[in-house]
Amino acid sequence: MVDFLLMAGLVDFDAVLAAAQRGDDQAVAVLYRELQPRLSGYLRGREPRAADDIEGEVWLAVAQGLTRFTGGQDAFRAWVFSIAHRRLADYRRTAARRATVPVPNEELEHASGHDPEALALENVSSAAATAFVTATLSADQAEVVLLRVIGGLEVEQVAELLGKRPGTIRVLQHRALRRLQAELEQGRVTR
Amino acid sequence: MSRSDDPSSDMSRFPSSTDAERLLSGRLSPDDLPDEAAALARLLKGLEPGAVNDPFTERRVVSEMTAEILRNPAPETVPSLLASSGTRLSAKAGALAFVAVLATGTAAAAANGSLPAGIQRAVSDALSHVSISVPRPAQHRLQPVELPNGGTDGSQNGDSPGGTTGPVGPRGVGHGNDDDKTPRGPDDATPGSLPTRGGNGDPNGPPSSVPNGPKTTNPDGSNPNKGSGNNSGQHTGDDQGQHNGDDNGNRNGKTHTTAVTTTTVKKGIEKVKDKSKDASNAGGNGQQIGNAISHASPKVSGSGPRGRT
């Protein structure tokens with residue numbers, strides 16, 4: 001209940017944060033519910049095979065650093081996604097040292113079956129949309145789009161998180177949308 | 001239908017940079033766009049997060065988080081301004097201390113002449129403009145040595161062309177022994193290079209600031225091997241204080257460029273002092289041993305008196 005009020009701006013985020021920092025499980029749950037869908041969507045879009053594991057590590061790191069965090073709601077969201085970004089990078093470094101990584105069947109279906117025609121329909125599932133974006137765009141472009149749309153971060157926050165300049169992020173996101181648009185048009189035309 | 005003859009090519013410029021920003025920030029709805037552009041808006045809308053995770057996972061994660069938070073209690077609240085200023089002050093104090101130590105150490109090294117040659121030369125040149133004397137790189141190894149019997153290195157006294165700061169070397173270890181008891185001039189030592197007084201218990205010669213040492217009568221001033229500065233730098237040959245050195249003076253006038261370190265010279269000085277005591281005690285001939293420190297400047301006068309036999 002409180003989380004809906006928080007989302008609607010009817011509950012003060014600072015009060016929720018202070019309660020969570022004292023170990024109030026209700027307040028912790030509010031913070032979790034507010035960000036979990038975004039975090040899960042982002043991680044599944046970037047690393048579907050390990051999204052659940054990385055997500056668990058992110059929340060643990062959030063809990064470990066929560067008592068030292070200061071800032072508002074936007075800053076809190078950016079902080080959580082910066083942790084997620086680092087955990088993702090750690091995972092990828094570790095995975096790169098492995099010789100082989102088994103790929104689940106559903107991921108193979110995603111990778112080979114992104115269908116612009118289906119995406120042109122009214123209702124697009126989140127998983128299908130994420131798969132289409134990551135399969136179409138470069139890694140940098142996909143990262144920016146997912147952080148902006150799923151993470152709900154502003155250009156400046158994304159720039160800080162990725163260590164780039166805001167102008168670079170704007171160029172990346174513009175090129176990414178043009179490419180997506182071109183892919184969608186091609187699918188619509190060939191339909 | 002190929003892409004090139006696509007009638008919807010007007011949309012090739014979509015999205016603009018502004019459209020992209022509006023789409024990504026969710027301020028542009030698919031309903032606001034034509035069909036050709038609505039697909040992209042729907043795609044981005046589809047990326048947005050859906051419902052919350054399952055309750056079981058939520059309870060597990062939240063309980064783990066709460067336990068972790070309780071294990072990491074909030075730190076003591078410190079006014080942020082004070083905390084940050086304290087940090088800044090600490091950093092400044094540390095930086096100042098570091099600079100002070102660095103500057104002091106460098107200054108001491110420069111004054112001591114211990115810096116590397118290039119740096120020492122640069123420091124010496126720079127400080128010379130403000131009337132601060134710092135030894136140049138070569139000087140700290142070849143400084144004039146205060147002799148135990150008061151004379152300087154003798155090159156001034158000898159009026160020799162070898163300069164006033166020639167390298168010095170120990171004396172009293174070479175040949176030229178008169179009675180095999182007192183130290184002699186070194187192999188390359190040039191008698192007469194040190195304006196020392198006799199070893200008759202008067203170890204204090206003229207101060208080193210005296211440019212020309214005491215001129216004394218040369219008993220056998222007709223030495224053909226004498227160098228050019230013999231008249232001003234010759235050694236005394238009085239009865240009480242004879243000079244040591246080469247017996248025949250055949251080393252006189254030769255260039256000697258031996259360089260020794262200050263440490264070596266100091267050791268030589270101490271050795272001479274010891275032997276001077278012995279000689280004074282022996283007393284028989286009162287030989288002058290004060291010039292046990294040789295000055296190796298070239299062409300010092302060689303007309304010094306021989307040790308009395």
Side-chain angles (χ1 to χ4, degrees), chain A residues 20-25 28-29 31-33 36-42 45 55-56 59-60 62-68 70 116 119-126 128-130 132-133 144-146 148-150 152 154-155 170 173-174 176-178 180-182 184-190, chain B residues 1-9 11-26 28 30 33 35-55 57-75 77 80:
Chain A
Q21 287 174 330
R22 289 192 300 270
D24 186 323
D25 58 349
V28 173
L31 296 178
Y32 174 83
R33 287 181 200 134
Q36 191 275 335
R38 293 176 180 275
L39 184 62
S40 179
Y42 168 72
E55 188 183 331
W59 285 119
L60 188 62
V62 168
Q64 289 169 343
L66 189 65
T67 55
R68 295 186 300 274
T70 56
L119 292 169
L121 301 176
E122 286 293 325
N123 296 318
V124 182
S125 73
S126 178
T130 303
F132 179 76
V133 167
V144 170
V145 169
L146 294 180
R148 295 252 16 225
V149 178
I150 300 179
E154 297 297 325
V155 170
R170 290 192 180 91
Q173 69 184 22
H174 188 206
L177 293 199
R178 279 185 167 242
L180 289 173
Q181 174 67 14
L184 290 171
E185 281 183 14
Q186 191 173 19
R188 181 172 57 82
V189 169
T190 56
Chain B
M1 180 182 290
S2 68
R3 184 177 174 79
S4 60
D5 57 357
D6 184 0
S8 64
S9 58
M11 292 301 297
S12 61
R13 282 181 287 180
F14 177 84
S16 67
S17 179
T18 306
D19 293 335
E21 181 58 34
R22 294 172 66 193
L23 282 166
L24 290 169
S25 59
L28 201 57
L33 295 169
D35 288 345
E36 296 81 5
L40 179 60
R42 279 197 294 274
L43 172 69
L44 296 177
K45 202 76 176 173
L47 287 174
E48 291 179 359
V52 73
N53 211 333
D54 65 288
T57 304
E58 179 187 318
R59 278 195 298 273
R60 179 179 58 80
V61 173
V62 168
S63 67
E64 288 176 358
M65 287 180 68
T66 304
E68 192 64 35
I69 290 167
L70 293 173
R71 272 197 293 270
N72 296 282
T77 305
S80 59

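Values below: all heavy atoms of this structure, side chains included; hydrogens, waters and symmetry mates excluded. Naming: A, B, ... by sequence-line order, numbering from 1 per chain.
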Examine whether an atom of [X] lies under 4.5 Å from a heavy atom of chain B, and if so say whether it belongs to the side chain, the backbone or both; otherwise answer neither.
| X | result |
| --- | --- |
| A:Val144 | neither |
| A:Ala176 | neither |
| A:Gln21 | backbone |
| A:Leu39 | neither |
| A:Ile150 | both |

Which atom names give the shortest non-hydrogen contact between [X] and [Y], and what distance separates them?
| X | Y | result |
| --- | --- | --- |
| A:Leu177 | B:Leu40 | O-CD2, 3.7 Å |
| B:Met65 | A:Val62 | CE-CG1, 4.1 Å |
| A:Ala129 | B:Gly46 | CB-C, 4.0 Å |

Handout entry: Residues in salt bridge (Lys or Arg N to Asp or Glu O under 4.0 Å) contact with A:Arg170, at least two apart in sequence or another chain
Key =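 With neighbours one apart ignored, the set is A:Glu156.
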Fill in the blank from the handout: To the nearest 0.5 Å, atom OH of A:Tyr32 lies from atom OG1 of B:Thr66 at 12.0 Å
Handout entry: CG on B:Leu70 to CZ on A:Arg22, rounded to 0.5 Å
Key =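 These two atoms lie 11.5 Å from each other.
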Exercise for the section: Could you walk me through whether A:Val145 and B:Leu44 pass side-chain contact (heavy atoms from CB on, under 4.5 Å), step by step? Expected result: CA-CA 9 Å; A:Val145 169; B:Leu44 296 177; 4.2 Å; yes
Practice task
Examine distances only and state if a side-chain atom of A:His174 and a backbone atom of B:Pro15 form a donor-acceptor pair shorter than 3.5 Å.
Solution key: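 Checked: pair present.
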Fill in the blank from the handout: Among A:Gly23, A:Ala63, A:Gly41, the residue with the most heavy-atom pairs under 4.5 Å to chain B is A:Ala63
Problem - Largest heavy-atom contact set with chain A, pairs under 4.5 Å, which of B:Glu64, B:Glu48, B:Glu21, B:Arg59 - result: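 Sorted descending by pairs with chain A, the first entry is B:Glu21.
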Practice task
Determine the sole option in A:Val28, A:Thr67, A:Leu60 for which the side-chain contact (heavy atoms from CB on, under 4.5 Å) test with B:Glu68 is passed.
Solution key: A:Leu60
